[in-house]
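Just so it is clear: chains get the letters A, B, ... in the order the sequence lines come, proteins before strands, and each one is counted from 1. Since the model is a prediction, treat every value here as computed from it, not as a measurement.
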Number of protein chains: 2
Amino acid sequence: MNNLTSRQKEIFEFIKSKISKEGYPPTRMEISNYFGFKSPNAAEDHLKALKKKGFIEILSGTSRGISLNENLLDHIPVIGLVSAGSPMLAEENIEKKIPALPISTHGVDYYLRVKGDSMIDVGIFENDLIAVNKDIKIKKNSIVIARLDNDVTVKTLKELSDNKVVLRAENKNYEDIVIDPNKVSLNFEGTCVGLIRNIS
Amino acid sequence: MNNLTSRQKEIFEFIKSKISKEGYPPTRMEISNYFGFKSPNAAEDHLKALKKKGFIEILSGTSRGISLNENLLDHIPVIGLVSAGSPMLAEENIEKKIPALPISTHGVDYYLRVKGDSMIDVGIFENDLIAVNKDIKIKKNSIVIARLDNDVTVKTLKELSDNKVVLRAENKNYEDIVIDPNKVSLNFEGTCVGLIRNIS
DNA sequence: ATTCATACTGTAATTATATACAGTATTAAA
DNA sequence: TTTAATACTGTATATAATTACAGTATGAAT
């Protein structure tokens, strides 16, 4: 969604929402009415721009003949290995994108591929994808995604106060991580709200 | 899909496939062409019948203004508790339907809600949904969905021969289930190819 | 300095589409 | 046995929709 102008983004979003709400794409007129255009040609121009940029296909002579070029639909990034220092959603960390799945009662901002065995006692295994929500308030006893000195880790949050944070690996072989947040750089990236595993 | 005639079923299926392939519903003409009708009114009549029976909505004056009332487009059933004796996919066992998710490299025929703790050592917990493929050949060491005397169970298949089958619960507290398939009714419903967990 | 992309207004024509009306034939229900 | 539902053909028309052409204005790129 990068080379789109903000107006084009709006048009594209409108088309998507029309499809998901009504079940079919809008006409030029419907687009124009929604945005207050006085000419259907304004919509036509936008559609051509979206087509040129590869976001939609237009079937000529076909009413509502707009099809979205999938793969940009409602796709949510899967984060693989996180490069030190880079923001979670940085391009370099995105392994692929998969559709928004109704796996969780909460929204999912991204999926994170699990490394290591530190959470096996709660059934989170290496290579599982955990669904992460960025906005839920970080709470005691939730499984959180934390960034400790640029190292991204998944742990259960057992204590959270101004001068003491305890992260627990759910694996008997690991010890609790006790942190003084004033001394160490600690950020919470999100809360784990779901899990996906591929068994091959 | 019960009170529909077979012809109406065909029309309905055609509309569904058009929507999923093209991204928008067909026109009366497109329906007529596909089925070889010589008049668009044949399609119109069918649409009215489908509307009357509650399968679609028709928006008057709107091109391609057909919306499906079923939202089981590419939806895959989630199987909850399985009633004794009933086939897996029997209506009574279907908890809900969710979209086809690209969680697995294999196809998914249905999701099965896990009961009990017999597989916790491989990270399968109570209430998880396991993705089941019915067609993959049952193999040793896969996690299988077996029906033992009408009881549906998820276990690892450790041995499979003509006169001995061993099903292992992946939980130290349970013993292997050793079966003589000639003496006991045993069917394999499928192989576990993935897992979904909602963490709330 | 000029071309190009963006973001529109305004008009208009062709064609795509919905949909009514008038029929015919078959089958199932009252 | 009459009615209603199903499954169409055939014709017709109003209107929905695409889409081209001719403009205007702005800002960014070459």
Measure the distance from [atom1] on [X] to [atom2] on [N] and round it to the nearest whole Å.
{"X": "B:R7", "N": "C:dT27", "atom1": "CZ", "atom2": "P", "result": "15 Å"}
{"X": "B:K38", "N": "D:dC8", "atom1": "NZ", "atom2": "C1'", "result": "11 Å"}
{"X": "A:D45", "N": "D:dA22", "atom1": "CG", "atom2": "C1'", "result": "12 Å"}
{"X": "B:L4", "N": "D:dA7", "atom1": "CG", "atom2": "C1'", "result": "15 Å"}

**Report entry** Minimum-distance nucleotide to B:S63 side chain [options: D:dA16, D:dT6, C:dA7]
**Finding:** D:dA16

**Report entry** Shortest side-chain distance from B:E30, nucleotide among D:dA17, D:dT9, C:dT17
**Finding:**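 When the side chain of B:E30 is considered, C:dT17 is the closest of D:dA17, D:dT9, C:dT17.
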
For a quick test of reading the model: is some side-chain N or O of [X] closer than 4.0 Å to OP1 or OP2 of [N]?
{"X": "A:T5", "N": "C:dA7", "value": "yes"}
{"X": "A:R28", "N": "D:dA17", "value": "no"}
{"X": "A:K48", "N": "C:dT6", "value": "no"}
{"X": "A:Q8", "N": "C:dA7", "value": "yes"}
{"X": "A:T62", "N": "D:dA17", "value": "no"}
{"X": "B:H46", "N": "D:dC8", "value": "yes"}

Query raised in the report: Any luck finding a side-chain donor-acceptor pair between A:N133 and A:D135 under 3.5 Å?
Result: no

Query raised in the report: Relative to each other, are the rings of A:F37 and A:H46 parallel, tilted or perpendicular (30° and 60° limits)?
Result: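 If you compare the ring of A:F37 with that of A:H46, the planes turn out parallel.
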
Report task. Check the angle between the aromatic planes of B:Y34 and B:F14 and answer parallel, tilted or perpendicular using the 30° and 60° thresholds. Result ->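 It falls in the parallel class, under 30°.
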
Report task. Answer yes when A:E13 and A:K9 have at least one side-chain N-carboxylate O distance shorter than 4.0 Å, and no when they do not. Result -> no

Requested in this report: Starting from the 5' end of DNA chain D, give me the residue, B:R64 or B:K53, whose nearest nucleotide shows up first.
Outcome: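 Counting from the 5' end, the first nearest nucleotide belongs to B:K53.
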
Query raised in the report: Touch check for B:S39, heavy atoms < 4.0 angstrom, all strands: base, sugar-phosphate only, or nothing?
Result: base

Query raised in the report: Is any side-chain N or O of A:N41 under 3.5 Å from a base N or O of C:dT9, one able to act as donor and the other as acceptor?
Result: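 Side chain to base: pair present.
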
